[in-house]
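Presented below is the structure to which this report refers.
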Amino acid sequence: MAEHIKVFLSEKEVDDRIQQIGDQISRDYAGKEVHLICVLKGGSFFMCELAKRITVPVSLDFMSVSSYGSETKSSGVVKIVKDLDEPLKGKDVLVVEDIVDSGRTLSYLMEMLRDRGPASLRLCTLLDKPDRRVIDVDVDYTGFQIPDEFVVGYGLDYGQKYRNLPYIGIVEFDD
């Protein structure tokens with residue numbers, strides 16, 4: 001089955017919204033340092049662009065958590081592929097994710113990170129798909145709420161393809 005990509009959010013729309021989120025985070029963390037945790041792989045594009053727009057001191061770490069495999073829907077089984085390199089105790093932590101879908105992965109991840117003793121823990125996502133939510137997750141910063149469509153681009157993939165698109169597109173399958 002072949003697929004094609006329809007533009008959903010343009011590069012300019014995404015860039016403008018990331019600037020707004022960066023401005024808000026800079027205000028909220030004024031006088032502090034924010035420790036960004038990128039959820040790989042998809043979150044890397046968003047976190048890099050977001051970090052460039054935050055004016056307070058920023059430190060970075062990365063982790064890889066999976067619940068998709070090569071499917072288009074979350075399997076519900078959360079797997080830690082790569083853990084953090086640094087402890088979180090006493091840090092103001094902001095988890096940066098590409099998309100919040102079912103909430104299973106982020107709920108598990110946020111609880112695990114909370115147990116590591118950060119001074120504060122917040123969540124920032126480029127895309128939020130509330131219609132797919134199975135477990136409630138508090139999202140502090142949201143780029144866009146989107147409908148229940150399978151999206152790619154800006155770090156999001158389908159079978160490891162399309163991450164490098166500079167916009168958010170909807171995957172449409174040809175019959």
Side-chain angles (χ1 to χ4, degrees), residues 9 14 17-18 21-22 24-25 28-29 33-54 58-89 91-130 132-146 149-166 168-169 171:
L9 295 167
V14 174
R17 184 66 185 126
I18 293 172
I21 296 168
Q24 184 63 52
I25 291 169
D28 291 351
Y29 287 89
E33 178 176 318
V34 62
H35 186 67
L36 302 180
I37 295 176
C38 175
V39 182
L40 296 171
K41 296 176 186 171
S44 61
F45 287 74
F46 176 42
M47 186 174 83
C48 288
E49 292 302 317
L50 180 63
K52 291 190 296 188
R53 291 163 171 88
I54 296 173
V58 169
S59 58
L60 309 174
D61 207 344
F62 300 86
M63 70 185 317
S64 183
V65 182
S66 177
S67 66
Y68 280 84
S70 61
E71 303 300 317
T72 61
K73 294 193 186 308
S74 173
S75 66
V77 177
V78 177
K79 177 182 170 189
I80 303 282
V81 179
K82 181 213 174 295
D83 207 342
L84 299 172
D85 294 330
E86 299 179 23
L88 298 181
K89 186 122 182 99
K91 294 182 180 181
D92 290 302
V93 174
L94 180 61
V95 175
V96 180
E97 177 64 290
D98 53 0
I99 190 166
V100 178
D101 193 329
S102 70
R104 287 184 184 107
T105 302
L106 268 298
S107 175
Y108 174 85
L109 177 64
M110 296 299 281
E111 190 60 37
M112 182 186 73
L113 296 176
R114 196 171 287 111
D115 290 344
R116 296 182 184 189
S120 67
L121 180 64
R122 292 182 177 172
L123 175 60
C124 177
T125 187
L126 179 59
L127 303 173
D128 187 8
K129 201 186 287 187
R132 298 260 313 136
R133 198 78 84 245
V134 174
I135 297 174
D136 285 334
V137 177
D138 291 327
V139 180
D140 300 282
Y141 304 97
T142 300
F144 301 93
Q145 277 198 355
I146 64 169
E149 298 281 355
F150 193 77
V151 291
V152 294
Y154 228 91
L156 294 139
D157 73 298
Y158 172 62
Q160 296 299 326
K161 297 187 297 186
Y162 308 115
R163 286 188 196 278
N164 61 319
L165 296 176
I168 303 297
V171 178

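Keep in mind it's a predicted model, so treat the numbers as computed, not measured. Keep in mind that the numbers below use all heavy atoms, side chains included, and drop hydrogens, waters and symmetry copies.
Between Arg163 and Leu156 the shortest side-chain heavy-atom distance does not fall below 4.5 Å. Using a 4.5 Å cut-off on side-chain heavy atoms (C-beta onward), Glu33 and Lys91 make no contact. Between Val100 and Arg133 the shortest side-chain heavy-atom distance falls below 4.5 Å. The shortest distance between side-chain heavy atoms of Val81 and Met63 does not fall below 4.5 Å.
At least one donor-acceptor pair closer than 3.5 Å links the side chain of Arg17 to the backbone N or O of Thr142. In this structure, the side chain of Asp61 engages the main chain of Asp85 through a donor-acceptor pair within 3.5 Å. Put simply, the side chain of Asp128 never gets that close to the backbone of Gln145: no donor and acceptor are under 3.5 Å apart.
With rounding to the nearest 0.5 angstrom, the CG atom of Asp92 is 12.5 Å from the CD1 atom of Ile25. With values rounded to the nearest 0.5 angstrom, Leu109 atom CG is found 6.0 Å from Ile80 atom CD1. Expressed to the nearest 0.5 Å, how far CG of Leu127 lies from CD of Glu97 amounts to 10.0 Å. Leu113 contributes atom CG, which lies 6.0 Å from atom CG of Leu84 (distance to the nearest 0.5 angstrom).
The pair Lys129-Glu149 fails the salt-bridge criterion, with no side-chain N (NZ, NE, NH1 or NH2) lying under 4.0 Å from an Asp/Glu carboxylate O.
Checked by atom type, the side-chain pair Asn164/Tyr154 shows no donor-acceptor distance below 3.5 Å.
The heavy-atom pair separating Leu106 from Ile99 by the smallest distance is CD2-O, 4.4 Å.
Arg122 forms a cation-pi arrangement with Tyr29, by the criterion of a distance under 6.0 Å to the ring centre and an angle within 45° of the ring axis.
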Hey, can you pull the donor-acceptor pairs under 3.5 Å for the side chains in residues 34-51, sequence neighbours left out?
| unit_1 | atom_1 | unit_2 | atom_2 | d |
| --- | --- | --- | --- | --- |
| His35 | ND1 | Ser59 | OG | 2.6 |
| Ser44 | OG | Lys41 | O | 2.8 |
| Glu49 | OE1 | Lys52 | NZ | 3.4 |
| Glu49 | OE1 | Arg53 | NH1 | 2.9 |
| Glu49 | OE2 | Lys52 | NZ | 3.1 |

